[in-house]
Structures are given as C-alpha cells and as structure tokens.
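Here the structure is laid out as structure tokens; the discussion comes afterwards.
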Amino acid sequence: MSAKPKILVALSGGVDSSVAAAMLVEEGYEVIGATLSFRSPDPAFAERQHCGAKSDFDSIEQLTAKLGIRHYVLDRYHEFESRVLRPSWEAYRSGLTPNPCCLCNPRVKFGELIAFAREQGCLALATGHYARIENGLLRRGRDRNKDQSYFLYRLTPEQLAFLRFPLGGIDKTEVRRRALALGLTVAAGRKESQDACFACDGECFAETLRRLFGELPEPGDFIYNGRKVGRHPGVHCCTIGQRKGLNVALGVPAYVAGIDAVSGEVELVTDEKMLECNAFAVEDLVLHRPLPANCFVQIRYRTPACPASVSVENGRVEVVPETPLRAVTPGQSAVFYDGEYLLGGGIIK
RNA sequence: AACCCCAUGGUGUAAUGGUAGCACAAAUGAUUUUGGUUCAUUUAGUCCAGGUUCGAAUCCUGGUGGGGUUG
C-alpha cells in the first residue's frame with residue numbers, strides 16, 4: 001500500500017509544466033496529470049485553434065511515458081465559453097480590453113482542475129507557473145523575467161491554499177536544463193510562445209470571438225485632430241496605446257488614445273505624451289491584504305510595477321502613480337504589489 | 001474655353017541631368033499565457049507615348065489624371 005501523497009499536475013505540453021511534473025515525481029509524490037481542453041465542438045473553429053495542437057499531445061505523451069504517470073484530458077469547453085469567452089466578448093464590444101487569462105484562471109482553469117484533484121483524492125494541484133505562494137500570499141516568481149503572478153491575482157484564498165508552484169523558486173534556464181536532462185525533447189524543442197487558448201491563425205483574438213458569437217462587424221472611423229483619417233473593422237479590434245494594424249499612415253506613428261463604443265469612433269494621437277495617465281480608478285477588486293497608502297501598481301503583464309499612492313473606498317481604488325503611466329487601458333487588470341508580494345488587484349475603469 | 005500648377009512604392013515626401021532616399025503603413029521574425037508596446041528584417045515607386053543626351057524622376061513635345069485662376 002502506497003503511502004505516497006498524491007498530487008495532480010496540470011500539463012500543457014510545454015517545458016514548464018513538464019519539468020514541474022518531473023520535480024514532483026522526484027520529490028516522492030504520486031503524480032497524476034490532467035489537461036483541460038477548450039477545443040471548440042465546431043470543427044470550423046477547432047481546426048484553426050492553436051490550443052490542443054497535436055504537438056501538445058505528443059509532448060505530453062512523451063512525458064507521461066517517461067515518468068510513468070497517468071494523464072487525463074478534461075473537456076471544459078462549455079465552461080470556458082460561458083465564463084471566459086462570452087464575458088470577454090462583452091467587454092471587447094463595449095470598447096474595453098479584457099484579460100481573458102485573469103478570468104479563466106479562477107473561474108475555469110484552477111476551478112476545474114482543483115475540483116478534479118479533489119475527486120481523485122489529491123492533496124494539491126501543481127502547475128508550471130512562475131510564482132510562489134507564501135503564507136497564503138502570492139509572491140513573484142524568482143525568475144522575475146518570467147513571473148506570472150500578475151495573471152493569478154483573482155485566485156481565491158481557498159484556491160491558493162490548494163496550489164503548488166514547483167517552478168516558483170527556479171529560473172527558466174534551470175527549467176530548460178532539467179528538461180534536457182530528463183530527455184524531454186519534444187517539450188524542450190517547442191516554441192515558447194503561447195497565444196490565447198482560443199486564438200486562431202490570421203486574426204486577432206477579439207475577431208475570433210466576434211465570429212464565434214455570430215455578431216456582425218461594426219466598422220467605424222479613426223479620428224485624428226477632429227478629422228476622419230481611416231476606418232477600423234470594429235472597436236473590439238482596437239486597444240489603448242495600439243500602433244500596429246491600424247492601417248493609417250500619418251507620416252509618424254499613430255496610437256489609439258480613446259475608444260467610443262457608442263459612436264464607433266476611435267481617436268488617434270501622434271504624440272505619445274497624450275497616452276499618459278496621472279490617475280485612474282480600479283474596480284471589481286480582489287484583495288488578499290489591505291492596501292497600504294503607498295504600494296506598487298502593475299497595469300499590464302510585463303510592464304514594470306510603478307510606485308503609486310492608492311486609496312480604497314466602496315470597493316473602488318483610486319490610483320495616483322508616482323510617474324504618469326502610458327496607455328492605462330480600461331478593462332485591463334491593475335495588480336497591486338508590496339515589493340514581491342501580491343496584495344490584490346482589479347479591473348481598470 | 002484660355003492660362004497656370006502638379007503627377008515618385010499603399011500614404012506623405014526627398015533627389016533640378018550621374019547608382020531613386022526617408023517617414024508612415026504593410027509583411028515576416030524576436031519578445032509575450034490578454035490586447036498591446038518595443039526591437040530586427042523584408043516587400044514595394046518615378047502617370048502614359050515620343051524626343052534631346054554617353055546618361056532623364058529631373059530638359060522638350062503630345063496625351064491622360066488632379067488642383068487653381070480668368071470668364
């Protein structure tokens with residue numbers, strides 16, 4: 001009779017989750033693997049989706065064979081559609097730029113995997129995220145360049161208590177080294193890049209959502225200094241600070257500065273100073289600790305956190321960054337840190 | 001109707017007789033578990049037909065297209 005503690009590890013087919021699984025086996029856990037599938041039941045979508053590619057499963061197969069662990073595939077497309085894709089589309093169509101990943105993590109990815117882990121009698125769920133959990137508080141991954149704590153701020157205390165992040169204390173080069181040492185050739189050889197789970201080739205994610213929900217395109221005007229300078233295919237394809245893909249040649253780079261979902265007008269500026277923001281509000285809060293009057297705020301993934309003064313009132317945070325921030329975007333997540341520790345976050349108004 | 005001006009990559013421009021350059025846009029790649037940003041690389045042009053010249057985007061003639069002035 002095995003006395004080994006049992007743990008579920010989320011496997012994507014990438015190096016990170018593969019190495020996380022191997023580390024847990026080495027540590028003496030009884031490891032089982034699971035992968036969520038968000039593949040559309042509609043073949044027209046499924047065949048263009050990046051998620052659930054054959055190479056993912058080749059990689060997972062190689063891993064589970066090497067480690068001798070069981071692997072389950074959980075189809076959670078419907079949950080994903082109703083709890084992530086639909087709300088994301090509603091945000092895009094109203095001129096906001098949502099973080100689908102921030103919604104997916106607590107609502108679907110971790111929610112479903114934790115439920116499955118409990119069913120299987122596991123004591124914990126492990127993933128390949130670069131983040132740490134200390135005393136119930138999220139801490140940035142040791143590899144600051146790969147830190148993924150930003151996307152995890154909406155996880156609940158109950159979810160955090162059940163989670164393990166084996167990669168939180170090591171860096172990417174070490175992960176690659178271990179993958180090669182383990183002979184995980186498929187995973188190690190894969191490209192790093194990961195798009196949105198539901199992304200399709202040749203179009204932006206929001207455009208895929210529009211097709212998925214059968215909405216008509218609603219083109220509108222680009223406005224520069226009060227003049228119409230071009231057309232866009234719909235406000236869902238525009239985000240604050242965006243430069244690429246506008247198809248507007250003004251002789252100097254132009255950036256999206258404002259989106260009016262009602263009129264469909266998207267305002268462009270050529271002076272980047274116009275994108276700077278001195279104060280903004282954050283709502284739909286998830287707070288793990290009370291916010292001190294001064295902390296750090298991070299307004300998008302891979303943008304350095306900026307010192308800011310904050311005040312919380314009625315479920316709303318007023319943020320005044322120490323230096324103006326570029327392209328603060330409604331719908332995106334603002335996440336608050338005290339040094340390396342994640343205090344909470346919310347959605348930019 | 002007459003006269004004047006203009007015509008260069010998708011857009012805006014530079015080169016006034018000597019290898020057609022720049023910016024923006026676009027494409028590709030790098031980076032990235034959102035959207036973006038940023039970086040690198042690439043693609044692509046002298047309105048048409050003649051003429052002068054060793055050589056024409058550049059000078060001449062005509063045509064076409066656009067703008068303007070006069071009436």
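A salt bridge (Lys or Arg N to Asp or Glu O under 4.0 Å) check over residues 229-257 of chain A, counting only residues at least two apart or in different chains, returns the pairs A:Asp221-A:Arg231.
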Discussion item. Assess the residue pair A:Arg93 and A:Glu215 against the criterion (salt bridge (Lys or Arg N to Asp or Glu O under 4.0 Å)); give the C-alpha distance rounded to whole Å, side-chain angles, the decisive distance to 0.1 Å, and a yes or no.
Written reply: CA-CA 10 Å; A:Arg93 76 183 310 190; A:Glu215 303 278 355; 3.3 Å; yes

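Rounded to whole angstrom, the span from the CZ atom of A:Arg107 across to the P atom of B:U34 amounts to 18 Å. With rounding to whole Å, A:Ile299 atom CD1 is found 11 Å from B:U37 atom C1'. The nearest whole Å value for the distance from the CD1 atom in A:Ile347 to the P atom in B:G35 is 16 Å. Straight-line distance from the CZ atom of A:Phe80 to the P atom of B:U34: 12 Å, rounded to whole Å. Following rounding to the nearest Å, A:Asp147 (CG) and B:U33 (P) show an atom-to-atom distance of 10 Å. Atoms OH (A:Tyr255) and P (B:C24) sit 9 Å apart, rounded to a whole Å. Whole-Å rounding puts the A:Tyr224 OH to B:G12 P distance at 16 Å. Note: CG (A:Leu11) to P (B:U33) measures 18 Å, nearest angstrom.
Here, B:A15 and B:G45 have their C1' atoms 13 Å apart, quoted to the whole Å. When the P atom is used for both B:G66 and B:A25, the distance is 30 Å, rounded to whole Å. For the C1' atom pair drawn from B:G50 and B:G9, the interatomic distance equals 26 Å after rounding to whole Å. Taking atom C1' on both nucleotides, B:U33 is separated from B:U28 by 23 Å, rounded to a whole Å. B:C54 and B:C22 have their P atoms separated by 32 Å, given to the nearest Å. For B:G67 and B:U31, the C1' atoms lie 47 Å apart once the distance is rounded to whole Å. B:A26 and B:G10 are spaced 8 Å apart, taking the C1' atom of each and rounding to whole Å. With both ends at atom C1', the span from B:G68 to B:G62 equals 22 Å, rounded to whole Å.
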Worksheet item: Starting at the 5' end of RNA chain B, what dot-bracket string do you get if Watson-Crick and G-U pairs under 3.5 Å are bracketed, crossing pairs use [ ], other-strand pairs use | and unpaired bases use dots?
Response: (((((((..((((....[..)))).(((((.......)))))....(((((..]....)))))))))))).

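Salt bridge status for A:Lys349 with A:Glu283: present, with a side-chain N to carboxylate O gap under 4.0 Å. In this structure, A:Glu203 pairs ionically with A:Arg211, as a charged nitrogen and a carboxylate oxygen lie closer than 4.0 Å. Ion pair A:Glu174/A:Arg177 flagged as a salt bridge, since at least one NZ, NE, NH1 or NH2 atom sits closer than 4.0 Å to an Asp/Glu carboxylate oxygen.
Listed nucleotides: B:A25, B:U33, B:G35. Nearest to the side chain of A:Asn247: B:A25. Comparing B:C24, B:U31, B:U34 against the side chain of A:Pro253 picks out B:C24 as the nearest. Listed candidates were B:U33, B:G35, B:U38. Nearest to the side chain of A:Thr329 is B:G35. Considering only side-chain atoms of A:Ala249, the nucleotide from B:U34, B:A25, B:U37 that sits closest is B:A25. The side chain of A:Tyr92 approaches B:G35 more closely than any other nucleotide in the set B:G35, B:C24, B:U32.
No hydrogens or angles were tested; on distance alone, a donor-acceptor pair under 3.5 Å links the side chain of A:Gln332 to the base of B:U34.
Contact annotation: A:Arg302 does not reach the phosphate of B:U34 (side-chain N/O to OP1 or OP2, under 4.0 Å).
Residues A:Gln148 and A:Tyr301 have side chains that never bring a donor and an acceptor to within less than 3.5 angstrom of each other. Side-chain atoms of A:Tyr337 and A:Ser149 form a donor-acceptor pair, as typed in the model, at a separation below 3.5 Å.
A:Phe116 is linked by a ring pair (Phe, Tyr, Trp, His ring centres under 6.0 Å) to A:Tyr72, counting only residues two or more places apart in sequence or in another chain.
Of the residues near RNA chain B, A:Thr127 and A:Arg243, the one whose nearest nucleotide (by heavy atom distance) lies more toward the 5' end is A:Thr127. If A:Gln148 and A:Lys244 are placed on RNA chain B by their nearest nucleotide, the residue sitting closer to the 5' end is A:Gln148.
With contacts defined as side-chain heavy-atom distances shorter than 4.5 Å, the pair A:Pro87/A:Arg107 qualifies.
Heavy atoms of A:Arg300 sit under 4.0 angstrom from at least one base atom. Residue A:Val256 is classed as having no contact, given no heavy-atom separation below 4.0 Å to the nucleic acid. A:Leu246 comes within 4.0 angstrom of the backbone, heavy atoms only, and of no base. Within the nucleic acid shown, A:Gly331 has no heavy atom closer than 4.0 Å to any nucleic acid atom.
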